[in-house]
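In the text below, chain A, chain B and the rest are named by the order of the sequence lines, each starting its count at 1. Just so we're clear, the structure is a prediction, and the values are computed from it rather than from any experiment. These numbers come from the heavy atoms of this one structure, side chains and all, not from hydrogens, waters or symmetry mates.
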Amino acid sequence: MKFERYGAGIAKGMVVTLKHLFRHPVTTQYPEERLTVSRRTRGNELIWDRERCTGCATCAKSCPQGAIRIVTSRGEENDYIVEEFRVDSGYCIFCGLCVESCPYEALFMGYGYERARYRRRELVLNKEELLTSEKKQPSGYARPKVEAALPPQTLLLDRDGVKK
Amino acid sequence: MSLFDPGLNLSAYYPGTLPPEWPGGYWIHWGVFVVIILAFVLLMAMGFIWLERREVGRFQARLGPNRVGPFGVLQPVADAIKVLTKEDIIPAKGDKLVYWLAPVVAFVPVLMVFAVVPFQDGALLADLNIGILYVVAISSVSVVGVFMAGWSSNNKYSLLGAMRAVSQLVSYEIPLGLSILGVVVLAGSLSLNSIVEAQHIPFILLQPLGFLIYMAAAAAEINRTPFDLLEADSEIVAGFHTEYSGMKFALFYLVEYCEVLAVSVIVTTLFLAGWKGPLLPPLLWFLIKVFGVFTVIVWVRATVPRLRVDQVMAFAWKCLLPLALINLLITGIQVLVWPEVLPWAVVFLNLAIMVVLILLWSKFFKLGGGRVEV
Amino acid sequence: MTVALSGGEIAARLEERFPGSVVESGQDSLLVKSESLRAAAGFLKTAPGLEFDYLTAITGVDYYDYFEVVYQLTSIRHNHSLVVKARCYGRDNPALPSVVGLWKGADFQEREIYDLMGIRFEGHPNLKRIVLWDGFTGYPLRKDYL
Amino acid sequence: MVIKTEPFVVNIGPAHPSTHGVFRMRATLDGEVVLDIEPVFGYLHRGIEKLAEERTYTQIIPLTDRLDYLASMSNNLAYVLAVEKLAGIAVPERAEYLRVIMAELQRIASHLIGVGAFLNDCGAFMTPILYMIREREKILDLFEMVCGQRLTYNYMRIGGVSHDIPEEFLPALKKFVDSMPGFIDEYDQLLKENEILLARSKGVGILSREQAINISASGPVLRASGVKWDIRKVDPYSIYDRFGFEVPTGSAGDCYDRYRVRVEEMRQSVRILKQAVEKLPAGEVRSEVSHLVRPPAGEAYGHIEAPRGELGFYLVSDNSIAPYRFHVRAPSLLNLTALREMVVGWKVADVLAIFGSIDICMGEADR
C-alpha cells in the first residue's frame, strides 16, 4: 500500500472534524434536559383499568413471558370478579402484545421511563399498584384516543445541524 | 527582583548553573524552580486532560465533561480522587518489585525533561549547554518503565504492548534526533535558551520538513494517534497498563499527559520561537503556543485511524529517517554556503524542497508489508 | 426470482446416476438415503445445469421416530434452489455423512446441529459443541429434552 | 545465534473492547503474526430456537427482536414473511410499503453501526462511530414514533404491521431522507481517502469469490467479493421488485471493499426510501388475522436480505398454534466461517479490523 495521495485524504478528514468544532453538539444533558418520548412509547409498568377489565385473561394468554397472573371468581351476575391481577415487571419484555390483545381496552402501556427499583420483589405489581396515578400516565400504544392527547415527540432531526 | 524579570539573563552570566547575585544563591534558585516545575507540570497535565476531553468532545459533536466545576474544569481532580481511592491490584504471578517500580521509572524522566525548558528568557532550572541532548537522552528512559510494566504484569496483552513499545520508541528516537539536529545547526547551540534566542524568525519556517518529521516522530514517542500502538484499545485492550489500577495507573496516565506536555513544550521551544512574541508577556506567549501545539495533536487524534505495527516501523525507517537525513544535509549546506542570505529566500526554498521531497516519497514509499505466509 | 426446482426432476437425474439413492421426492424437495447423501450432494454441486454452489442453510428437525436434516441448496450461477433432506434413525447415536468437504459453510451449522440435536456428522474435521460448553449433557433441541 | 521462540496463545475476548459483543477468538500468535485462530461461540446463547417451540406464532415476534438486536425490524420482517408463506396470508398494500420503509431504515441504521465499529476497530478514536450513531439516533427516533420502542420494535405482525404510522412520521422521514445523503458524503470525506485507513484495509483480509460462495457468506461480505447476489434482486420478496436500486459490489473482497459496499448500500437504501415514500398508498395496514395463527402442517423457508446477509427462518408447522421447529439461518454465524481463512498470516491489529469488517451481531450468531 502506497502513501499515494500526499496526505490529502488525511487533510480532508481533518476539515470534517474541524467543521464539527463549530456545530452544535447533539448531546442531551439528561437529568436537567428531558426529551418528550414518543406518544406510543412502550414505557415501564402496565396500567390497568379496574372498571373496564372483565377478567377474561386474554392479556395473560398473549404474554410471551407469562408475566401476568390473573385470578378470578364467579360473580353474582355470572361475570368474573378479578381477585388478583399481578404483573411481574421483572419478566416483562415490553412487547405490548397484552395491550394490543385486550378486547376491552382495559390495559395500557406506561408512559414513564424512570422506574428502576432496588429489589426485584418491588417489580411485582399488584392490583393497586397497576392503577393509574399522578406519576403513572398511560401511553398511547394501541390506544389512539390516549395517543391524540399526548404531546408530540422531540426528534433529533429537528434539533440537529444548527450552527452554533 | 521578580522571578520572571525579562532582564534576568542567567545564561549570559554563568551557563549551566545559577546566578551569583541571587539572594541565597544556589539552593533558593534550586528550590524555587523545582516547586515551579512540579506545579507547572502537574497543573498543565490536568489542564491538558480536561482540554483534550473537551476538545475531542466538540470534534465528535458532543459536549465532553461539564459536570464538575464550571465547564467541568475540575473533572481531572475528580478523576484523580476516583483513581487514587481505587483498589490497587498486583497480578498474582506478576513480578512485584518491577511492577511497583515501573510507573516511577516511567514518570521521573518525563518530569526531568522540564528542568532545561525556558519558560521565558533565562527562567529555567538549569541552562545546560547540552540542553537538547539532555532532553533526548532523558526522555527515552521512559520506555524502560513501559517495558518493565508490560513485562511484570504477566499478561499477554501487556507483553504485546511492551514489545511494540520498545521497537517503536527505539526506532523513532533516530528521526526525532536527526530532525532536532537541523535546528541545532541553525541555532549553533544545544542550549534550549540559546536556541530560542537564535530564532529571529521561528524555525518552523526555516525547517518546515524538520518540523513535520519531529511532529510525526514525537507523536510516535508519546504514543499518540496514529501511532498509539502501545495502548491500542481496540487491539490489545490497554497495552502495557492493562493490569494497572489505582495510584500506579494514575501515574501512567499522568506520564501520558506529561509526555504530551513535554513534546508541546519542546516543539514550542525548538520550532515556534519559545517565549518570543510581540506585545504579550513572554510567559503568556509560551503558554499560548504550548496549547496551540497540543490542540493540533488532539485534532489529529480525533480524526485519523491507527497504523499497523509493521507500517509504523516502515514509516520510521523508510520514510522519516531518509527524509530527516536529507533535511539535515540541506540545512548543513545552507548554513555553510549562504550564511548571510536573506532568511525569506531560504524560507521559500525550504518549503519548495519539502513539497518536492514529500511528493517523491509519496510516489515511491511503500507502507509496510502484507500477509505473512505461515 | 429464485426458481425452486422440482424435486421429482432432480430425483430422476439422481436415480439415473446413483440408483437407489432417492427415497422419495416431492414438489420442491427430495429425500435422499443417508448413505448416499455425500455422493448425491457432490453430484448436485457439480452436475451441469444444476451447480448448487451455495449451501444456504442446514437444519435438523426431530420427528421422534427419526431425525430429518434439511439442506437448502442454492445455485448462484443459475439462481435456482432445491431442498434436500436426509433422515437418520435411532435416538442414541444418529449419524449422517458430513458435507463440509463440499461446502465449507456447513462447518458451523453441522456443529450446531450436533450440539443441539445430537446428530453426528461423520467426516467433519472439528465436530465439537459450538454454543454449549463441552461438558453439557443432553441435546436441548430434541423434543424429549426438558 | 538462533533465539528459540515459541508461539503463544491469546484469548481475544469474550471481554475485549472490539469483539462486538461476547465473542472469543483463541488466537495463536508468533509475535504479532497470527498463526491460527479458533472462534469460540456461545456466550450469548439463549436457546431462542427452543423457546420459540413453546410460544405461539405471534409471541415469537418479540423473540426475533432479540436475535440481531442491531436490526430488529429486519428480523421481524423475515419471520413474518416465513409465517405468511407457511400459512398463505396476504398482506395489504400499505403494510408492504411500510415494511419496506422500515426494513430500509433499519438497513441504514445497522450499516451505520457496522461501518462505525469497523472504523473504530481500525483505530479511529470514536469519531466516525459517534457521527454515525448521531444519524442512527434519528432513525431510532422514527422507529420510536411508530412503534414505541427504540431497540426491540416488535412492529411487524403476521398479515401486516401492528400500527399505522402517525401523521408526523412522513414529514420527519422526508426530512431524514433529504439530509442523509449529505451525511454519507461527510463520512466519505472523513475517512474514505484517508491514507492510513487505506493502508490498514486495502488488500487486508481478502476473501476470494470462490471462497465467499463456498463458505456460504452472504450480504455485504459476499458482495464485496464480487458476487452480485442480493436477495432483494434475485428473489424479490415483499414488493422489492417495484423499486429501482443498484446492488453495489466490490472487486477485491478486502476490508476496504466491505466497508465501501456498506456505505454504497446506505445510499441505495435512501433511494428506495425516496421511492417508497412517494408511492405509499392509503388503506389498511393489517389483514384480519387472529392472534393465534394456525398454519397448515408443512414447512417453509422465508428469507430476506437483512443488513448482515441472508436472514432466513425455517419453520415446520404441525397445525398447532406454535411452530414444531423454528430455525434461524443466521448470517452472522455463517459469515464468521470466513474469519479463519481471512486472518491467518495477518497481524493482531488486522484480526480486529477484519473481524470488524465482517460486521457480526452475536445475539444472532449464538441465538
Angle class for the D:Phe313/D:Phe326 ring planes (parallel below 30°, perpendicular above 60°, tilted otherwise)? tilted
Side chains of A:Gln29 and A:Arg34: any donor to acceptor distance under 3.5 Å? no
Could you tell me whether D:Arg260 and D:Asp254 have a side-chain N and a carboxylate O separated by less than 4.0 Å? no
Less than 4.5 Å to any heavy atom of chain A: does that hold for the side chain of D:Glu186, its backbone, both, or neither? both
A:Arg42 versus chain D, heavy atoms under 4.5 Å apart: side chain, backbone, both or neither? both
Taking side chain as everything from C-beta outward and backbone as N, CA, C, O, which of these in A:Lys61 sits under 4.5 Å from a heavy atom of chain D? Side chain, backbone, both or neither. backbone
I want to check a possible cation-pi pair here: A:Arg143 against A:Phe108, using under 6.0 Å from ring centre and within 45° of the ring axis as the test. yes
Side chain, backbone, both or neither: which part of D:Asp164 has a non-hydrogen atom closer than 4.5 Å to chain A? backbone
Salt-bridge present (D:Glu135, D:Lys138; N to O < 4.0 Å): yes
Tell me, side chain or backbone of A:Thr154 under 4.5 Å from chain D's heavy atoms, or both, or neither? backbone
Region of D:Tyr131 in contact with chain A, defined by heavy-atom distances below 4.5 Å: side chain
Answer yes or no: is there an ion pair linking D:Asp141 with D:Arg150, defined by an N-O contact shorter than 4.0 Å? yes
Where does A:Ala11 contact chain D at under 4.5 Å (heavy atoms): side chain, backbone, both or neither? neither
Below 4.5 Å from any heavy atom of chain A, which atoms of D:Thr56 appear? Answer side chain, backbone, both or neither. neither
